[in-house]
2 protein chains.
Amino acid sequence: MSKTYTPATAAADVETTLAWLGGRWKLIILFHLFGGQVQRYSDLERLIPDISQKMLAQQLRQLEADGLVQRTVYPVVPPKVEYRMTEWGQSLCPVLDGLLKWQAAKPTN
Amino acid sequence: MSKTYTPATAAADVETTLAWLGGRWKLIILFHLFGGQVQRYSDLERLIPDISQKMLAQQLRQLEADGLVQRTVYPVVPPKVEYRMTEWGQSLCPVLDGLLKWQAAKPTN
DNA sequence: CAGCATCCCGCTAGATACTG
DNA sequence: CAGTATCTAGCGGGATGCTG
């Protein structure tokens, strides 16, 4: 049972998806979480040296709100928060792989 | 022979690709050209009522520069210009389809 | 440790007017 | 018909300082 797409609706849907991934940092964050990797906030800060705290926190919240990333808070002192992909988020990996394969097939690169 | 990806390089490559498609209008334009459709500048203006002439021209130039769209100028009066997907650009269609399928699989939508 | 609050700047998109 | 040129506004993103 697939939807019927017009150019307008298809474009809008793809745009929605791209908005989930858009911005300068989200993909970088995602690639640090793919494959079941679990990272703490400070891990991600270390892995992505150029990102500001504001942007890291903000983008993580959006990824969580969009259902891509799961955030786990442990009620300990000092605070401990872990981030990992949701199952659905992990299923984005092969899709992005398709994108990379398409890119690699570009003629006269 | 595939490339070796680190989180950083993979993210950068995907980001490059998303930049080809990014912005508010490019996907809409592409979906009006997929499947071998040929459109004149004025056709696209009519099909995408909210786009300004500046943005339409600009985005088309970028899509052309990125190798997605082919621009054909006929030396006649009044001017006639046609746009169509390149073969490589057309091959993006199934990739976007994968994106739409992934989106549709989102839980608790 | 893991954030939030504020201020600020550059860039891109949008509006409008003009042209070969 | 198929575009340029110019001006402006809004928003994403960066720097800095503060907190439970």
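What you see is a predicted model; the values in this text were computed from it and never measured. Chain naming here is simple, since letters A, B, ... match the order of the sequence lines and numbering starts at 1 in each.
An OP1 or OP2 oxygen of C:dG14 is reached within less than 4.0 angstrom by a side-chain nitrogen or oxygen of B:Trp25. Side-chain nitrogen and oxygen atoms of A:Arg71 include none within less than 4.0 Å of the OP1 or OP2 phosphate oxygen of C:dA2. The phosphate of D:dG3 (OP1 or OP2) has no side-chain N or O of B:Arg40 nearer than 4.0 angstrom. Contact check, A:Arg24 against C:dG10: no side-chain N or O comes under 4.0 Å of OP1 or OP2.
Look at CD on A:Gln59: it is 13 Å from C1' on D:dG14, rounded to the nearest Å. As a whole-Å value, the separation of A:Leu44 CG from C:dG3 P is 10 Å. Put simply, CD1 on A:Ile29 is 14 Å from P on C:dA2, counting in whole angstrom units. Here C:dA13 presents its P atom at 13 Å from CG of B:Leu56, a figure rounded to the nearest Å. For the pair B:Met55 CE and C:dC11 C1', the interatomic distance rounds to 12 Å; values are reported in whole Å. The nearest whole Å value for the distance from the CD atom in B:Glu82 to the C1' atom in D:dG3 is 16 Å. Atom P of nucleotide D:dT4 and atom CG of B:Leu60 are separated by 10 Å, given to the nearest angstrom. One interatomic measurement links the two molecules: OH of A:Tyr74 to C1' of C:dG3, which rounds to 18 Å at whole-angstrom precision.
In this structure a side-chain-to-backbone donor-acceptor pair under 3.5 Å is present from B:Asp43 to B:Arg40. Between the side chain of A:Glu82 and the backbone N or O of A:Val73, no donor-acceptor pair lies under 3.5 Å. Counting only distance, with no hydrogens or angles, the side chain of B:Trp102 and the backbone of A:Trp88 share a donor-acceptor pair below 3.5 Å.
Each side-chain hydrogen bond (donor to acceptor under 3.5 Å, both in side chains) pair with one or both residues in residues 49-62 of chain B, not counting sequence neighbours, appears once here: B:Lys26-B:Gln62, B:Glu45-B:Gln53.
Contact of A:Lys54 with D:dG14 (side chain to base): a donor-acceptor pair of N or O atoms is detected under 3.5 Å.
Nucleic acid contact class of B:Ser42 (heavy atoms, under 4.0 Å, all strands): sugar-phosphate only. A:Lys80 comes within 4.0 angstrom of sugar-phosphate atoms only, judged by non-hydrogen atoms across all strands, and of no base. No contact: A:Gln58 has no heavy atom under 4.0 Å from any strand. B:Tyr83 comes within 4.0 angstrom of the backbone, heavy atoms only, and of no base.
Contact annotation: the side chain of A:Leu92 never approaches that of A:Trp20 to less than 4.5 Å [non-hydrogen atoms, C-beta and beyond].
Nearest-nucleotide mapping onto DNA chain D: of B:Ala57 and A:Gly23, the residue sitting toward the 5' end is B:Ala57. If B:Gln53 and B:Gln62 are placed on DNA chain C by their nearest nucleotide, the residue sitting closer to the 5' end is B:Gln62.
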